[in-house]
Amino acid sequence: MGKKIRFCLEFDERELVVDLLQQEAGSLGLTPEQLIKRFVVDALSGDDRSPSILGETLEDFLVKNGAIRPRQDD
């Protein structure tokens with residue numbers, strides 16, 4: 001894959017969501033960051049049940065089915 005994009009979330013140390021994230025992530029064997037990413041992906045995945053579009057390569061398949069954007073020629 002290409003360049004990574006980072007989003008930064010900040011919580012006050014008194015917010016209980018921090019403890020909940022850490023506990024839930026630990027119970028799943030994930031880091032809190034991995035759990036947050038899972039939540040975002042699940043929330044944005046939608047209920048599209050249409051068939052997948054075939055691709056020439058794995059990358060082409062992922063682009064055609066909306067998982068990644070096409071590479072930008074530098």
Side-chain angles (χ1 to χ4, degrees):
M1 293 275 173
K3 183 174 106 175
K4 303 290 183 194
I5 305 299
R6 179 177 292 223
F7 295 96
C8 180
L9 301 172
E10 293 183 9
F11 297 95
D12 185 276
E13 65 184 349
R14 295 182 61 218
E15 290 184 67
L16 295 176
V17 71
V18 174
D19 296 334
L20 295 172
L21 276 169
Q22 291 172 334
Q23 290 169 4
E24 183 68 16
S27 74
L28 296 169
L30 302 171
T31 66
E33 293 82 4
Q34 290 169 320
L35 182 60
I36 291 167
K37 186 173 181 177
R38 183 178 286 183
F39 286 153
V40 171
V41 169
D42 287 349
L44 298 176
S45 66
D47 290 328
D48 183 8
R49 304 242 188 255
S50 62
S52 297
I53 302 168
L54 296 178
E56 301 284 323
T57 63
L58 176 59
E59 183 167 337
D60 185 47
F61 172 81
L62 294 172
V63 169
K64 287 180 176 176
N65 289 282
I68 62 174
R69 71 173 59 118
R71 288 186 188 270
Q72 299 295 320
D73 294 330
D74 294 35

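Along the sequence shown, residues are numbered consecutively beginning with 1.
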_Quick check: is Leu30 connected to Val17 through a chain of hydrophobic side chains (ILVMFWY, heavy atoms under 4.5 Å apart)?_
yes
*Can you run down the salt bridge (Lys or Arg N to Asp or Glu O under 4.0 Å) pairs that involve residues 54-69, sequence neighbours left out, and say none if there aren't any?*
Glu59-Arg71, Asp60-Lys64
*Sort and list the pairs that fulfil side chain to side chain donor-acceptor pair (under 3.5 Å) and have at least one residue in residues 15-30, not counting sequence neighbours.*
none
*List in chain and number order the residues that pass side-chain contact (heavy atoms from CB on, under 4.5 Å) with Ile5, two or more places apart in sequence or in another chain; answer none if no residue qualifies.*
Lys3, Phe7
_side-chain hydrogen bond (donor to acceptor under 3.5 Å, both in side chains) against Ser50, all qualifying residues, sequence neighbours excluded_ = Asp48
_Qualifying salt bridge (Lys or Arg N to Asp or Glu O under 4.0 Å) pairs with a residue from residues 25-39, counting only residues at least two apart or across chains_ = none
*Can you get from Val18 to Phe39 by hopping between Ile, Leu, Val, Met, Phe, Trp and Tyr side chains that sit under 4.5 Å apart?*
yes
*Under a 4.5 Å cut-off applied to non-hydrogen side-chain atoms, are Leu35 and Thr31 in contact?*
no
_Set of side-chain contact (heavy atoms from CB on, under 4.5 Å) partners for Ser52, sequence neighbours left out_ = Phe61, Asn65
*Flag yes if Ile68 and Leu58 sit in one hydrophobic cluster, no otherwise; membership is Ile, Leu, Val, Met, Phe, Trp, Tyr, and two members link when side-chain heavy atoms are under 4.5 Å apart.*
yes
*Nearest-0.5 Å distance that lies between atom CG in Leu9 and atom CD1 in Ile36*: 5.5 Å
